[in-house]
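For the single chain, residues carry numbers from 1 onward in sequence order. Just so you know, these numbers use all the heavy atoms, side chains as well, and skip hydrogens, waters and symmetry mates.
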Amino acid sequence: LTGTDPYYSAGVYLNELMRPALPATIHERIVQNNQTMFDLFLDFPKPILVAVNGPAIGACVTSAMLCDGIIASEKATFHTPFVHLGITPEGSF
């Protein structure tokens, strides 16, 4: 997996994921979506390598940890701004 230079990934566009709903409904939606994504990474039949060629921000950093290896260029940086956004990583409680 890789991104388009100069960025690896700017993370998740939260506005697309957050439709108005009760907090419990939002939490359930996030947990289900994340579990599906995690299972896809963990159960993939071949090794998954990540080539990080620039800034990696948010969810792409945590999802990269699900891969079998990370190759980072000298331009790669890793940032998890969850606490600054007032959210927990991957929507967990």
Side-chain angles (χ1 to χ4, degrees):
L1 303 174
T2 192
T4 303
D5 198 28
Y7 296 96
Y8 170 65
S9 176
V12 176
Y13 183 57
L14 294 174
N15 287 343
E16 288 295 318
L17 295 176
M18 297 301 185
R19 296 185 305 272
L22 295 172
T25 302
I26 293 171
H27 175 67
E28 182 179 328
R29 186 182 312 141
I30 290 170
V31 168
Q32 288 175 349
N33 289 341
N34 285 343
Q35 189 63 56
T36 299
M37 182 187 72
F38 297 160
D39 290 343
L40 288 171
F41 275 84
L42 296 173
D43 297 336
F44 198 74
K46 297 181 180 181
I48 301 174
L49 299 177
V50 175
V52 182
N53 56 341
I57 304 167
C60 70
V61 175
T62 53
S63 64
M65 299 300 124
L66 299 170
C67 296
D68 299 290
I70 299 172
I71 303 162
S73 79
E74 60 280 346
K75 296 186 292 182
T77 59
F78 299 87
H79 182 60
T80 52
F82 303 110
V83 71
H84 299 293
L85 297 171
I87 59 174
T88 57
E90 313 326 333
S92 61
F93 281 104

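Shown here for Ser73 and Gly54, the closest heavy-atom pair between the two residues is OG-N, 4.4 Å. Closest heavy-atom contact between Cys67 and Val50: SG-CG2, 3.3 Å.
Both Phe44 and Phe41 are members of a single hydrophobic cluster when ILVMFWY side chains are connected at heavy-atom separations under 4.5 Å. In terms of hydrophobic clustering, with Ile, Leu, Val, Met, Phe, Trp and Tyr side chains grouped at heavy-atom distances under 4.5 Å, Met65 and Met37 are assigned to a common cluster.
Distance CG/Asn33 to CZ/Phe38: 10.5 Å, rounded to 0.5 Å.
A donor-acceptor pair under 3.5 Å links the side-chain atoms of Asp68 to the main chain of Ile48, judged by distance alone.
Evaluated for a side chain to side chain contact (heavy atoms under 4.5 Å, CB included) with Gln32, the options Glu28, Gln35, Arg29 yield exactly one hit, Glu28.
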